[in-house]
Structure formats: C-alpha cells, structure tokens
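Contents: one structure, followed by commentary.
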2 protein chains.
Amino acid sequence: MGKDLSYKDKKVITIGIVRDLTGLSERQIRYYEERKLIFPERSAGGSRKFSFSDVELLMDIANKIEDGVQTHEIRKEMLREQKKQNQEDIRRKMIQGQLNAQFGMRKNQ
Amino acid sequence: MGKDLSYKDKKVITIGIVRDLTGLSERQIRYYEERKLIFPERSAGGSRKFSFSDVELLMDIANKIEDGVQTHEIRKEMLREQKKQNQEDIRRKMIQGQLNAQFGMRKNQ
DNA sequence: TAACTTTGGGAGGAAATCTGACATAGTTTT
DNA sequence: AAAACTATGTCAGATTTCCTCCCAAAGTTA
C-alpha cells in the first residue's frame with residue numbers, strides 16, 4: 001500500500017550537507033522553508049532533514065532567485081505546477097478506476 | 001570523465017539517520033567501520049557521512065551477524081565478492097578497449 | 001586459560017543545528 | 001516619499017548530534 005519512496009525522496013540529509021551540495025547559505029535554505037518553497041522533515045530533536053529532491057528543487061530556486069524572481073512568485077509557479085500535476089493524476093486514476101470496475105484489472109498496466 | 005555517481009552512492013547521511021534507517025546502534029555502526037566493513041567519508045569537522053549503499057550494506061551485515069557470522073568472515077566474503085567484480089570489470093574494459101581500437105567506437109554500446 | 005569478538009554505556013569535548021533578534025540594502029506598495 | 005516588504009548576513013545562547021577514548025561484560029575461539 002504505502003509506496004516505498006525511492007532514495008530520491010527520502011528525507012535524510014542535514015542542512016550542512018545541503019549547504020555544501022547547493023552552495024546556498026543555511027540562512028537562505030531556512031528562509032526558503034519559511035516562504036514555503038521547501039518542506040524538510042524534522043528529527044526528534046528538531047533538526048531539519050532534506051531529500052535529494054529538495055536539493056534539486058533548491059538549485060532550481062537558486063536559479064530563479066538569480067534571475068530576479070521573488071519567492072512568492074516562485075511559490076505561485078510551484079502551486080500552479082502542482083495543481084496541473086494533481087489533475088493529471090486524478091484523471092489517470094479515474095480512467096484506471098473505470099477499467100478496474102469494468103474488467104477487474106490488477107494494479108498498473 | 002568522472003562519472004557523477006548516483007544518489008545511491010553519495011555520502012550524505014549522518015550516523016544518527018543511519019541508526020534510524022537500519023535499527024543498529026551507533027556503537028555497532030562505528031565498530032563495523034573499525035572492522036573495515038564500511039567506509040564512510042568525513043565532514044571537515046570529522047562527522048561520518050554515509051550513502052544509501054552503505055545503509056543497504058549495513059542491513060546485509062546485520063543479517064549475517066544475526067546468523068552468527070563474525071566480522072572478519074564477512075570482510076573476507078566482501079573481498080572475494082569485490083575481487084570477482086573487479087575481474088569482470090577488467091574483462092569488460094579490455095573487450096571495450098579492443099573494440100575502440102579496431103573501430104573507434106564511442107562510449108558505451 | 002588467554003586472547004579475541006561484540007556491544008553497551010559513560011565522560012568530556014567539539015561540531016552542527018536551532019530559534020530569535022538586529023541590521024541593511026534593495027524593491028514594492030501606498 | 002514614507003512605509004512596508006524582500007532577501008540575506010551575522011551574532012548570541014541554547015540544544016542536539018557527533019566524536020574519541022575508555023572500561024566492562026558476556027560469549028567465542030585459539
């Protein structure tokens with residue numbers, strides 16, 4: 001049931017490593033979280049944990065910032081992007097549901 | 001030239017996370033390093049950094065330990081395994097080299 | 001029996017991270 | 001233009017995480 005998310009999405013990287021991987025400052029990384037561009041998890045003690053996806057996203061963000069795009073614009077873009085993605089997902093699932101109902105097919109494909 | 005090793009092999013995970021992912025104690029993880037079963041990198045400050053491959057390897061190790069295999073046996077197995085792998089690699093590269101010399105082919109395939 | 005293996009746990013210290021605050025140079029809004 | 005906001009640096013003080021070194025102990029091997 002719960003899909004075992006790949007390495008890319010596992011939240012296992014601490015902020016210092018993310019700093020080294022992205023070249024951003026810790027301040028910037030925390031700020032982008034504050035502006036809801038990224039969503040690290042937390043350890044029991046409160047330390048942030050990022051995924052490789054987060055790292056990639058941060059590099060995209062860094063590029064846009066360099067181009068003068070403001071965080072709240074970036075956020076809007078991301079929401080648009082996400083909404084589009086969700087609707088595609090829903091459509092796909094609905095079609096799949098129909099197929100399952102009609103033919104009792106198994107899982108994907 | 002330098003192959004950009006995949007996420008799986010990037011050394012980005014600190015020992016506390018590895019502890020959580022594997023269920024091993026930090027003590028055990030450090031001990032297996034001492035016994036040369038794993039080779040974490042180090043941060044500038046000296047903290048260990050592991051890869052997902054290391055995590056997988058640690059879980060294999062944990063299984064063998066549970067089966068009563070001793071670390072130095074595990075190490076021997078690993079060296080054998082590695083040697084076999086190396087020889088396969090060498091053979092592959094030699095064949096590739098021949099092809100390149102004969103036909104000046106590009107990269108893989 | 002002596003030596004080795006494996007693991008736990010503690011001490012003391014250093015590295016890494018956290019939040020919150022103040023500062024500042026630009027930019028945008030009113 | 002004044003006020004508000006953006007983006008980032010930096011610092012302080014606290015907390016968490018990690019380090020090495022050491023002693024102990026139960027089990028295993030030589």
Side-chain angles (χ1 to χ4, degrees), chain A residues 10-55 57-80, chain B residues 10-55 57-80:
Chain A
K10 277 224 157 186
K11 306 268 188 174
V12 296
I13 314 181
T14 51
I15 197 167
I17 308 265
V18 174
R19 167 176 38 66
D20 295 345
L21 292 176
T22 60
L24 295 168
S25 69
E26 296 183 19
R27 184 67 172 84
Q28 287 175 304
I29 297 167
R30 296 198 185 100
Y31 182 64
Y32 301 150
E33 178 189 17
E34 189 183 321
R35 302 317 303 273
K36 301 196 188 307
L37 303 184
I38 45 172
F39 303 92
E41 293 180 358
R42 297 291 182 130
S43 75
S47 296
R48 270 165 268 252
K49 298 187 298 179
F50 302 84
S51 66
F52 281 113
S53 291
D54 292 329
V55 171
L57 186 48
L58 279 169
M59 301 204 293
D60 291 350
I61 292 168
N63 284 334
K64 290 180 182 162
I65 295 277
E66 256 187 281
D67 294 350
V69 186
Q70 292 195 333
T71 53
H72 89 281
E73 255 314 311
I74 298 176
R75 176 153 165 74
K76 269 194 243 165
E77 284 176 28
M78 283 175 47
L79 289 178
R80 269 194 299 267
Chain B
K10 277 223 156 188
K11 306 268 189 174
V12 295
I13 314 180
T14 51
I15 196 167
I17 309 263
V18 175
R19 168 178 34 67
D20 295 345
L21 291 176
T22 60
L24 295 167
S25 69
E26 295 184 19
R27 185 69 173 82
Q28 286 175 304
I29 298 167
R30 296 199 185 97
Y31 181 65
Y32 300 150
E33 178 189 17
E34 188 184 322
R35 303 314 304 271
K36 300 195 188 308
L37 302 183
I38 45 172
F39 302 91
E41 293 179 359
R42 297 289 182 131
S43 75
S47 296
R48 271 166 266 252
K49 298 186 298 180
F50 302 84
S51 66
F52 281 113
S53 291
D54 292 330
V55 171
L57 185 49
L58 278 169
M59 302 203 296
D60 292 349
I61 292 169
N63 284 333
K64 291 181 181 163
I65 294 277
E66 255 187 282
D67 296 350
V69 186
Q70 291 195 333
T71 53
H72 89 281
E73 255 314 312
I74 298 177
R75 178 155 163 72
K76 269 194 244 165
E77 284 177 28
M78 283 174 46
L79 289 178
R80 269 195 298 267

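Here is how names work: the chains are called A, B, and so on, in the same order as the sequence lines, proteins then strands, and each is numbered from 1. Please read these numbers as outputs of a predicted model, since none were measured by experiment.
If you check C/dA15, C/dC18, D/dT8 against the side chain of B/Ser47, the one that comes closest is C/dA15. Closest to the side chain of A/Arg48, out of C/dC18, D/dA7, D/dT20, is C/dC18. The side chain of B/Thr71 approaches C/dT5 more closely than any other nucleotide in the set D/dC19, D/dG9, C/dT5.
Between the P atom of D/dC18 and the NZ atom of B/Lys49 lies a distance of 14 Å, rounded to the nearest Å. Residue A/Asp67 contributes atom CG, which lies 19 Å from atom P of D/dT6 at whole-angstrom precision. With rounding to whole Å, B/Arg19 atom CZ is found 10 Å from D/dC18 atom C1'. Computed from coordinates, the A/Glu33 CD to D/dA7 P distance equals 16 Å when rounded to whole Å. Per the geometry, CD1 belonging to B/Ile17 stands 15 Å off P belonging to C/dA16, to the nearest Å. The distance from atom CD1 of B/Ile29 to atom P of D/dT17 is 14 Å, rounded to the nearest whole Å. Regarding B/Ile15, its CD1 atom lies at a distance of 9 Å from the P atom of D/dT20, rounded to whole Å. Between B/Gln28 atom CD and C/dT7 atom P the separation is 5 Å, expressed in whole Å.
At the phosphate of D/dT20, OP1 or OP2 sits under 4.0 Å from a side-chain N or O atom of B/Arg42. Note on A/Tyr32: every side-chain N or O is 4.0 Å or more away from OP1 and OP2 of D/dA7.
Comment: B/Glu33 does not engage B/Arg30 in a salt bridge, judged by the lack of any side-chain N to carboxylate O separation of less than 4.0 angstrom. For A/Arg80 and A/Glu77, the salt-bridge test fails: no basic side-chain N is under 4.0 Å from an acidic carboxylate O.
B/Arg30 comes within 4.0 angstrom of a base, heavy atoms only.
In summary, the side chains of B/Tyr31 and B/Arg35 do present a donor paired with an acceptor at a separation below 3.5 Å, with no hydrogens or angles considered.
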Verdict with reasoning, B/Ser51 to B/Lys11, per side-chain contact (heavy atoms from CB on, under 4.5 Å): CA-CA 4 Å; B/Ser51 66; B/Lys11 306 268 189 174; 4.1 Å; yes
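Nucleotides of DNA chain D nearest to A/Gln70 and A/Gly46 differ in position, and the one nearer the 5' end is that of A/Gln70. Residues A/Thr14 and A/Tyr31 each lie close to DNA chain D; by heavy-atom proximity, the contact nearer the 5' end of the strand is made by A/Tyr31.
When all heavy atoms are compared, the tightest approach of B/Ile65 to B/Tyr32 is CG1-OH, 3.8 Å.
The base of D/dT10 is paired with the side chain of A/Arg27 by a donor and an acceptor separated by under 3.5 Å.
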